[in-house]
**Q** 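I am attaching a structure below and will ask some questions about it afterwards.
Just so it is clear, the structure is predicted and the values come from calculations on it, not from any experiment. Side-chain atoms are counted along with the backbone in the values below, which use heavy atoms only and exclude waters and symmetry mates.
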Amino acid sequence: MKIKAKIRRDMAVVKALAKHPMETGLRKDKKTDKIIPAKFIKELVCKHGDKVVYHADFGRSVSKNPYVAFTFAGAKKGDSIAMTWTDSDEETLTVETVIK
Amino acid sequence: MREKRRLLLKGLLGITTMATAMTAMPRLAMAKWSKAFDSSSVDDALNDLYGTTALTTDDTITLKIPEIAENGAVVPVTVKTKMANVTKISIFAEKNPQPLAASFTLPEGTAADVSIRIRLGESQIVKAVVEADGKLYTTEQEVKVTIGGCGG
């Protein structure tokens, strides 16, 4: 997951790109004619310290390699934020970054 | 004798494939993740997510989405509003197999301004729903899709 966070007009602007296949479970493998099992991110959470500043729940209509952007107040340059996604197989990934 | 062995092998094979198919089945949704994401109609999803389908149309909500999407697999959407006390924003694609695409919970201090990229299976109306002060507001836009985003 790539995250960019910057301070703009006292607000932290966060842009994140998660690498994930986001399989809907509705697609068929053309060669084997079998349904590709669903595997998609269900939850994406961003924490600034202990505070949750962003919580997104995804369905199957979110594109492959999800890209999100959001803005929150109360952070300053040099603070770090941590983003975590959890997918339908309950795999998770957390990535931390420093706000520029 | 030989034939029977074949039969036994076949039987065993059948059982193992069945077992793998069962473990591969999607697990039950996690507690927090709303079952609204599995609903096949907008109204059902609204009911599951908010407990109501009563929406007030409000054109001050900005729903930024291309009118013509060349590639339905990746359609950028931005939902923005100047309303105060926004707690939730959700995005619906009416004709997708499961219309609810994403739902954002925004704590105090987080701007009511979210962007994401979604899939659209065909040309359709995309709806944004904003929850502010416990009330639901909505706006929508039609999107024409040249290549669908849900096929193989």
Side-chain angles (χ1 to χ4, degrees), chain A residues 8-18 22-48 51-75 86-92, chain B residues 20-21 23-30 32-39 45 49 71-80 87-121 126 149-152:
Chain A
R8 280 275 148 82
R9 289 188 213 116
D10 291 337
M11 300 279 277
V13 180
V14 184
K15 289 171 186 173
L17 182 73
M22 295 300 279
E23 277 301 342
T24 57
L26 303 168
R27 250 156 45 93
K28 261 189 186 171
D29 188 318
K30 276 178 192 155
K31 280 181 196 150
T32 60
D33 217 30
K34 275 190 188 149
I35 285 174
I36 304 168
K39 184 176 177 62
F40 58 96
I41 295 177
K42 286 186 152 183
E43 228 183 29
L44 178 65
V45 177
C46 178
K47 275 185 169 179
H48 171 232
K51 194 184 179 243
V52 173
V53 289
Y54 175 83
H55 180 137
D57 285 329
F58 292 168
R60 297 166 187 80
S61 301
V62 171
S63 302
K64 181 177 163 181
N65 299 334
Y67 166 85
V68 297
F70 62 94
T71 307
F72 72 95
T86 308
D87 76 7
S88 49
D89 290 335
E90 276 165 64
E91 255 179 63
T92 73
Chain B
T20 34
T23 44
M25 268 200 317
R27 273 187 234 178
L28 285 177
M30 282 179 283
K32 259 185 154 180
W33 192 76
S34 172
K35 67 177 166 109
F37 287 103
D38 291 325
S39 298
L49 198 63
N71 181 0
V74 187
V75 184
V77 192
T78 299
V79 184
K80 243 197 266 196
T87 46
K88 230 175 194 180
I89 292 177
S90 51
I91 298 165
F92 295 84
E94 285 188 345
K95 282 192 186 165
N96 276 10
Q98 288 91 19
L100 179 55
S103 142
F104 306 90
T105 309
L106 308 173
E108 218 187 312
T110 300
D113 177 353
V114 290
S115 301
I116 193 164
R117 297 195 301 210
I118 62 167
R119 292 184 175 116
L120 296 176
V126 174
C150 291

**Q** At their closest point, which heavy atom of Leu26(A) faces which heavy atom of Pro97(B), and how far apart are they?
**A** CD1-CG, 3.7 Å

**Q** Are more than 12 heavy atoms, taken from residues, nucleotides or ligands other than Asp10(A), located less than 6.0 Å from that residue's CG atom?
**A** no

**Q** Does the side chain of Tyr54(A) reach to within under 4.5 Å of the side chain of Val114(B), using non-hydrogen atoms?
**A** yes

**Q** Counting heavy-atom pairs under 4.5 Å to chain B, which of Gly25(A), Ala69(A), Ala12(A), Gly74(A) comes out on top?
**A**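 Heavy-atom pair counts peak at Ala69(A).
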
**Q** Please indicate whether Glu94(B) has more than 12 foreign heavy atoms, meaning atoms of other residues, nucleotides or ligands, lying under 6.0 Å from its CD.
**A**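 Count over threshold, so yes.
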
**Q** Checking heavy atoms, do the side chain of Val75(B), its backbone, both or neither come under 4.5 Å from chain A?
**A** backbone

**Q** For residues Arg117(B) and Leu17(A), determine if any side-chain heavy atom of one lies less than 4.5 Å from a side-chain heavy atom of the other.
**A** yes

**Q** In terms of heavy-atom contacts, does NZ of Lys88(B) have more than 12 from other residues, nucleotides or ligands at under 6.0 Å?
**A**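 Result for NZ/Lys88(B): enclosed.
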
**Q** Which pair of heavy atoms, one from Trp33(B) and one from Arg60(A), lies closest together, and at what distance?
**A** CH2-NH1, 4.5 Å

**Q** Rounded to the nearest 0.5 Å, what separation is found between the CD1 atom of Ile91(B) and the OG atom of Ser61(A)?
**A** 10.5 Å

**Q** For Phe58(A) and Phe104(B), take the angle between the two ring planes, folded into 0 to 90°, and tell me which bin it lands in: parallel under 30, tilted 30 to 60, perpendicular over 60.
**A**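 Perpendicular: the ring planes of Phe58(A) and Phe104(B) meet at over 60°.
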
**Q** Establish, from distance only, whether the side-chain atoms of Ser103(B) and Asp57(A) form a donor-acceptor pair under 3.5 Å.
**A** no

**Q** What closest approach, in Å, do Val62(A) and Ala102(B) show between heavy atoms, and which atom pair accounts for it?
**A**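 So the minimum-distance heavy-atom pair works out to CG2-CB, 4.3 Å.
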
**Q** Which answer fits Met22(A), side chain, backbone, both or neither, if we ask what part of it has an atom under 4.5 Å from a heavy atom of chain B?
**A**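 For Met22(A), backbone and side chain are both near chain B.
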
**Q** Shortest non-hydrogen contact from Thr110(B) to Thr71(A)?
**A**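 Looking at all heavy atoms of both residues, the closest pair is CG2-O, 3.4 Å.
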
**Q** Closest approach of Lys64(A) and Arg119(B), non-hydrogen atoms and distance?
**A**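 Reported closest heavy-atom pair: N-NH2, 3.6 Å.
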
**Q** Only pairs of heavy atoms separated by less than 4.5 Å count here; which of Lys51(A), Lys15(A), His55(A) has the most with chain B?
**A** His55(A)

**Q** Is chain A contacted by the side chain of Ile116(B), its backbone, both, or neither, given a heavy-atom distance below 4.5 Å?
**A** both

